[in-house]
Q: 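There's a structure below that I have some questions on.
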There are 2 protein chains.
Amino acid sequence: MTGLILHEYPASGNCYKIRLVAAHLGLPLERTSYDIMKGETRTAEFLRDVNPNGRIPVLQDGARLLAESNAACFYLADGSELVPDDRFERADMLHWMFWEQYNHEPNIATLRLWMRFVGLDALSEAQRMQIKNKREAGLAALGLMDDHLEKHRFLAAGRFTVADICLFAYTHLADEADFDLEAYPAIVAWMERIMTLPRHVGLAD
Amino acid sequence: MTGLILHEYPASGNCYKIRLVAAHLGLPLERTSYDIMKGETRTAEFLRDVNPNGRIPVLQDGARLLAESNAACFYLADGSELVPDDRFERADMLHWMFWEQYNHEPNIATLRLWMRFVGLDALSEAQRMQIKNKREAGLAALGLMDDHLEKHRFLAAGRFTVADICLFAYTHLADEADFDLEAYPAIVAWMERIMTLPRHVGLAD
């Protein structure tokens, strides 16, 4: 890997995941910003040259482009101590990363986006109608994590892996979507374990 | 891997993915059915013994349980010819699998579930309000796949991988959600390539 460039929106938790993986591995990342609030990832140029799906993050390695935050995290960490060697444990790590994109991110990250960036007044009626379900699904996701982390120090393989990074990103921002993390003591303890790791960096670092 | 059991709902595309990977690899799978329409994956027993997330599929290998369809597919195929050896190509395969769970399944599979299994009359008002957005997002997902498959025989790595299986599952069922696949000739040709592979099996096989 040479000349890694992260195409990103700096406040995005999905982009932060990739920076956090890179920090743990000591990999330098060049960063290129797009303002998603101004539609900069939906321009004809972005769709043609960066991601036809119109989303950040995209990780660029030389001339090759990789979309989807969790795939980019896996790419950087593949073969490192952040990915388990054991076949079942590696799949279990991926299970948490797929679960994050289906059960956690669309609820907690989307509510954060709507409440803190878009603004509730600017939502469509169809979006407003989803808030209650997203709130309930977000609470369920946090509850499931908390139950698991009561019995396990990290999500998969008994140690810190890419899955912890992918779930940490939006979990530690859940208060910005008015989720009360104090109700989840095992999550709070797990976040503390992550934030005190030697190479940890914050969203704004 | 010994004594593989698939906990499933047979009509689910997510469960079919795992059966299709197993068929290509010649792995025997025992199958245990749950009727999601009767809430059989939300019982206290299922939540305790199979999946605290209340969903199928779950792949069982001996005493170990693995939820999330795409993680289970990766587990079965890890180290086989269905997963690229090249690090970037492996991550690019995962990129399509994450994209499927975020951009394709919640739109195309959910509309199929609502239209063919739940019934539009039984939807909540909040669900009904989402139909238009899910329709548009489903069309966008199919358009993106079609554009990509115009230039590539398979989704990643220039050959048949787990990503093709994970995307085939609900794409080939999209007509059950009233998507007109004839509008996507590159998708139709790709599905034909997949369905004529020697070890292919159908959803009902």
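Throughout, a chain's letter reflects where its sequence line sits, starting with A, and its residues are numbered from 1.
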Q: Nearest 0.5 Å please: distance from the OG atom of B:S124 over to the NZ atom of A:K132.
A: 8.5 Å

Q: Ring pair (Phe, Tyr, Trp, His ring centres under 6.0 Å) between A:F98 and B:F98: does it pass, once the steps are laid out?
A: CA-CA 7 Å; A:F98 283 110; B:F98 283 111; 4.1 Å; yes

Q: For residues 46-62 of chain A, give me every residue with a non-hydrogen atom less than 4.5 Å from any non-hydrogen atom of chain B.
A: A:P52, A:N53, A:R55

Q: Working to the nearest 0.5 angstrom, can you tell me the gap between A:F88 CZ and B:R64 CZ?
A: 5.5 Å

Q: If you check every heavy atom in residues 139-177 of chain A against those of chain B, which residues fall under 4.5 Å?
A: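 Residues A:L144 are the ones that qualify, each having a heavy atom under 4.5 Å from chain B.
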
Q: With a 4.5 angstrom heavy-atom cut-off, which part of A:M93 approaches chain B: side chain, backbone, both or neither?
A: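 The answer is neither part of A:M93.
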
Q: Please classify the contact between A:E125 and chain B as side chain, backbone, both or neither, with a heavy-atom cut-off of under 4.5 Å.
A: both

Q: Does the B:R87 side chain pair with the main chain of A:G79, one donor and one acceptor, at a distance under 3.5 Å?
A: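 Not a single qualifying donor-acceptor pair exists.
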
Q: With rounding to the nearest 0.5 angstrom, report the OH to CG distance, A:Y75 to B:D92.
A: 10.5 Å

Q: Select one option (side chain, backbone, both, neither) describing which atoms of A:D78 are under 4.5 Å from chain B's heavy atoms.
A: both

Q: Give, as side chain, backbone, both or neither, the part of B:R90 having an atom under 4.5 angstrom from any heavy atom of chain A.
A: side chain

Q: Is it the side chain or the backbone of A:A137 that comes within 4.5 Å of chain B heavy atoms, both, or neither?
A: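 Nothing of A:A137, per the 4.5 Å heavy-atom cut-off to chain B.
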
Q: For B:I131, is it the side chain, the backbone, both, or neither that has a heavy atom closer than 4.5 Å to a heavy atom of chain A?
A: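 Neither part.
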
Q: So, taking the atom named CD in A:Q101 and the one named CD in B:Q101, what distance separates them when rounded to the nearest 0.5 Å?
A: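 If we round to the nearest 0.5 Å, A:Q101:CD and B:Q101:CD are 9.5 Å apart.
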
Q: Would B:E68 and A:Y102 count as having a side-chain donor-acceptor pair, cut-off 3.5 Å?
A: no

Q: Given a strict heavy-atom distance threshold of 4.5 Å, which part of B:Q130 is in contact with chain A: side chain, backbone, both, or neither?
A: side chain

Q: Based on non-hydrogen pairs under 4.5 Å, which of A:P106, A:A71, A:S69 is most in contact with chain B?
A: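 Highest number of heavy-atom pairs under 4.5 Å: A:A71.
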
